[in-house]
2 protein chains.
Amino acid sequence: MNVQRGGSDGTVGKALEVLDRVAALGRPVRFSEVMDQSPYPKATTYRLLQTLTNQGMLRLDPDSGTYAPGMRLVRMAHAAWAQSSLAPIAQPYLDELSEAVGETVHLAQLDGAQVLYVDKRNATTRVPMYSDAGKVGPAYCTGVGKAMLAFLPEAELAPVLAQQSWHRFTPNTITTPEAMRAELAEIRAAGHAYDREEHEPGIRCIAMPVLSAKGRVQGAVSVTTNGPGPLDDYLPALRAAVTKISGDLRDWRFPDKGEE
Amino acid sequence: MNVQRGGSDGTVGKALEVLDRVAALGRPVRFSEVMDQSPYPKATTYRLLQTLTNQGMLRLDPDSGTYAPGMRLVRMAHAAWAQSSLAPIAQPYLDELSEAVGETVHLAQLDGAQVLYVDKRNATTRVPMYSDAGKVGPAYCTGVGKAMLAFLPEAELAPVLAQQSWHRFTPNTITTPEAMRAELAEIRAAGHAYDREEHEPGIRCIAMPVLSAKGRVQGAVSVTTNGPGPLDDYLPALRAAVTKISGDLRDWRFPDKGEE
DNA sequence: AACCCGGTTTCACTATTTGGGACACCAGAT
DNA sequence: ATCTGGTGTCCCAAATAGTGAAACCGGGTT
């Protein structure tokens, strides 16, 4: 099957599963809330939480009795981001692109069935940093998501499509695998994808996949706007950026989806 | 003792220990290199690596046979950063400060005996994002480090000082606990710290601690420059930023060092 | 052919993890 | 004061998962 973090790797797997669920809740949670999410019995979950806490992976606020992901994760993640993401390579080209188009620019990678944003440049002046690195989003209704799906080999595409929620965010959201396959064919033909207000009303974007020399999808770059102008105006700059990134990819070997 | 991620929390502890060491190496490493770092026997380390890999915490490049921290960390860290760091609160004030002084601005927190940078604003135009979030540095020879140490209660300061390397990075580096205590007293009196080219030649900075209502150190903000101007010029803006951050801290309860 | 080296696997032994259930605590209801 | 339901913590015999010395497997070298 697919990368699904199934919970079957012994104690470590369980611990990470619990950690993930706590992180997913997105706010400090009490033990009982963790229990509701946890597939493991009370005593087990409790011990797991304890272990994670004194490992610094979780932080327990003694007053409120709530758990939140700890700073040790941030330390470790820096290494991951620097070594395993496209971000360090793409950095200068995203800067260029951002300057050229003046709109918000995203760099994303596929993480299982979701889109994981790894870098971002803000539209114009103020830069709320990091805000997007590490964030995840749906693959079926974002520009970067569709751009990547379009160039995925069938064997990998099928399971990913099977896992989408197909929630209708806006009237334009594509909500069936069949419609999606048609859309992906078009994207493949054109070489780039559009998000025509499919995720958020008023937000449109144009995205292109970053492919390795062997044609494997490594990520995608997008230009997002809430203005009225034609998206195709951004195409040249976008294409230039993606081309340069792909070029620099040369000697980088990147994850195979972990597919076994 | 202190927070030291000792390796004594069962399997999970061992796994995280290994993961940390891989991350610390800062580049993809082969199994044998991990072995050199690992306190555990070959077979154990091997199995740990396997587990971590198919949990997505590590990424194994099949061609080169090297391990690197995986993207799952980035996902989880986003939650940690958003919930457990000062960054979300400080965001707008760092923007202001950055604009006001036009120099590089850092936000850091104490993580054990080290300084952990959680956010950054670049000097002028181009913004190499994230580059610093998650990075660690020495506490005894950075502005933010000294600013935080100065306001640490003795019980917490002692073990931290005991763990510093006291490596002499530049002629100005303070290299003894005694000298450091004198320096910290001055900082405490002044309310802010200077880094007078103690870490890197040509780089100076001024830093102030962020204190909670109860006077606990929560982090520090610094303005760094490689120019010649007097650092004190930045004091007003820096003080303003720190004051506002402290103000917003109000209802936030933050980690106790975990000290037990 | 004998040897070394990094990586992988085996398997009997053992330490850790498991989880049902007991317990302690608190707040509100009776 | 006493009961009661919700939470968080702890125990301990049984079950499981982890351990690690040693063997094994190519593929280079000598």
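Below, read A as the first sequence line, B as the second, and so on, with proteins coming before strands; counting in each chain starts at 1.
For D/dT7, the OP1/OP2 oxygens have no side-chain nitrogen or oxygen of A/Arg30 closer than 4.0 Å. The side chain of A/Thr11 places an N or O atom within less than 4.0 Å of a non-bridging phosphate oxygen (OP1 or OP2) of D/dG18.
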Which pairs of donor and acceptor atoms, one on a side chain in residues 42-50 of chain B, lie under 3.5 Å apart (sequence neighbours left out)?
| from | atom 1 | to | atom 2 | distance (Å) |
| --- | --- | --- | --- | --- |
| B/Thr45 | OG1 | B/Ser38 | OG | 2.9 |
| B/Thr45 | OG1 | B/Tyr40 | O | 3.1 |
| B/Thr45 | OG1 | B/Pro41 | O | 3.0 |

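Here B/Ala147 pairs with B/Ala193, B/Ala207, B/Pro209, B/Ala220 under the side-chain contact (heavy atoms from CB on, under 4.5 Å) rule; sequence neighbours left out. B/Pro177 is linked by a side-chain contact (heavy atoms from CB on, under 4.5 Å) to B/Trp166, counting only residues two or more places apart in sequence or in another chain. Applying the salt bridge (charged side-chain N to carboxylate O under 4.0 Å, His left out) criterion to B/Arg181, with sequence neighbours excluded, gives B/Glu154. With sequence neighbours excluded, the residues that form a side-chain hydrogen bond (donor to acceptor under 3.5 Å, both in side chains) with B/Ser165 are B/Tyr140. Residues satisfying the side-chain contact (heavy atoms from CB on, under 4.5 Å) test with B/Glu200, not counting sequence neighbours, are B/Ile203. Residues satisfying the salt bridge (charged side-chain N to carboxylate O under 4.0 Å, His left out) criterion with B/Arg188, sequence neighbours excluded, are absent altogether.
One can place CG of B/Leu48 at 7 Å from P of D/dT19, the figure rounded to the nearest angstrom. Here D/dT19 presents its C1' atom at 14 Å from CD of B/Gln50, a figure rounded to the nearest Å.
Minimum interatomic distance between B/Gln164 and B/Ala113 (heavy atoms only, all atoms of both residues): NE2-O, 2.9 Å.
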Q: Sugar-phosphate means primed atoms, P, OP1 and OP2; the rest is base. With that split, encode nucleotides 20-30 of chain D 5' to 3' as B, S or - using protein heavy atoms under 4.0 Å.
A: BB---------
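In the 5' to 3' direction, nucleotides of DNA chain C lying under 4.0 Å from heavy atoms of chain A begin and end at C/dT17 to C/dG20.
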